[in-house]
S.K.: 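Structure provided below as structure tokens; questions to follow.
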Amino acid sequence: MVNPRYEYRALLACDIAGSAGRGEQRLQEIRRVLRSTLFDALSIADLDPRNFLYVDTGDGCQLVAPAALPKAGLLFPLLPELNSRIREHNRKTCADTGLRVRAAVHAGEIRLDPDGTVSGAPFEALARLLDSAPLRHATRAGTGGTPVAAILSHHFYEETVGHGYEGLDADAFTAADVRVKEYAAKAWLWYPGSPVGPRVDPGRDTDSGGQPAQSGPGTVEQLVQATGNGTVFAVHRGVQHIRHHDRG
């Protein structure tokens, strides 16, 4: 019998908001779009999708990074690139096949079984972060031009943003208290309207109903009420500052 091994890995989970009720054909289409845009974003970020374990979760996915990948690689420029590609898809498609995506990022010791399956406590934390009220509200707060909102575990934040990696602006993240079932922890939001988020042209972008977007980076502030714990998060006005850099 071959024993399982445990390795420290960075994890990214994505979930398509509002995927239910679209019908089988449209569900399959938006699942295909999520995978395609995510793989394109990985490639643009100089990450080989073949080095990642991709787990389909039905209306989203889990991505297990290779052991050698620095954790910051799952944030910048990957998240802005993913947002850009989904935004472009949304501009060209109808509301029924448009995407708005919640993303959660965490890292920890996971179990890798000989048959290729993965498991462990880090996946439980990842699922709770993805299902949290602050992330859901941040996703709904965005305009049609900024379709991706992400949440980082406190551990992941400290190991990436806290270390001052180039391209990761600490001011672009807002602290959030996450309480889902038995899980309670501090986390950090990166969401539509934050300084690291892609710029939005209010004259071009529309929301899911086809109406002009009411706000975006550099315009007015939005308030997101995280129901259940009474915490209010402000989505601050800001401008994207992205500097490309070589990976050593």
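Being a predicted model, the structure only gives us computed values, none of them experimental. Numbering starts at 1 and runs along the sequence shown. Both backbone and side-chain heavy atoms feed into the values below; hydrogens, waters and symmetry mates do not.
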S.K.: A side-chain contact here means heavy atoms from C-beta on lying under 4.5 Å apart; do T160 and V105 qualify?
M.R.: no
S.K.: Does Y157 have any ring pair (Phe, Tyr, Trp, His ring centres under 6.0 Å) partners at least two apart in sequence or in another chain, and if so, which?
M.R.: F173, W188
S.K.: Measuring from K181:NZ to D131:CG, what's the distance to the nearest 0.5 Å?
M.R.: 7.5 Å
S.K.: Would you indicate whether Q25, at its atom CD, is surrounded by more than 12 heavy atoms from other residues, nucleotides or ligands within a distance under 6.0 Å?
M.R.: no
S.K.: I'd like to check L129 versus S153 (side-chain heavy atoms, cut-off strictly below 4.5 Å). Are they in contact?
M.R.: yes
S.K.: Determine whether L53 and L112 make a side-chain contact, defined as any pair of heavy atoms from C-beta on separated by less than 4.5 Å.
M.R.: no
S.K.: Do Q28 and E24 have side-chain atoms, one donor and one acceptor, less than 3.5 Å apart?
M.R.: yes
S.K.: Taking it one step at a time, do E124 and R128 satisfy salt bridge (Lys or Arg N to Asp or Glu O under 4.0 Å)?
M.R.: CA-CA 6 Å; E124 296 178 9; R128 299 295 182 253; 6.0 Å; no
S.K.: Between T37 and L34, is there a donor-acceptor pair closer than 3.5 Å when you use the side chain of the first and the backbone of the second?
M.R.: yes
S.K.: Answer whether the closest heavy-atom distance between the side chains of F123 and V64 falls below 4.5 Å.
M.R.: yes
S.K.: For the pair E29 and R26, find out whether any cationic side-chain nitrogen is under 4.0 Å from an anionic carboxylate oxygen.
M.R.: no
S.K.: Strictly distance-based, threshold 3.5 Å: is any side-chain N or O of T93 a donor or acceptor partner for the main-chain N or O of H89?
M.R.: no
S.K.: Indicate yes or no for a side-chain donor-acceptor contact from R102 to the backbone of L130 under 3.5 Å, with no hydrogens or angles considered.
M.R.: yes
S.K.: Is R22 reaching over with its side chain to a backbone N or O of D96, donor-acceptor style, under 3.5 angstrom?
M.R.: yes
S.K.: Kindly say whether L99 contributes a backbone atom to a donor-acceptor pair with the side chain of N90 at under 3.5 angstrom?
M.R.: yes
S.K.: Please check: side-chain N/O of S84 versus main-chain N/O of P80, any donor-acceptor pairing under 3.5 Å?
M.R.: no
S.K.: Can you confirm whether Y54 sits close enough to C61 that some side-chain heavy atom of one is under 4.5 Å from a side-chain heavy atom of the other?
M.R.: yes
S.K.: Taking side chain as C-beta onward, heavy atoms only, is V33 less than 4.5 Å from I16?
M.R.: no
S.K.: How far does CG of L63 sit from CG of L47, to the nearest 0.5 angstrom?
M.R.: 9.5 Å
S.K.: Taking D113 for its side chain and D115 for its backbone only, find out whether a donor-acceptor pair lies under 3.5 Å.
M.R.: no
S.K.: Compare all side-chain heavy atoms of F156 with those of L11 and state whether any distance is below 4.5 angstrom.
M.R.: no
S.K.: State, with a plain yes or no, whether a side-chain heavy atom of R9 is found less than 4.5 Å away from one of L69.
M.R.: no
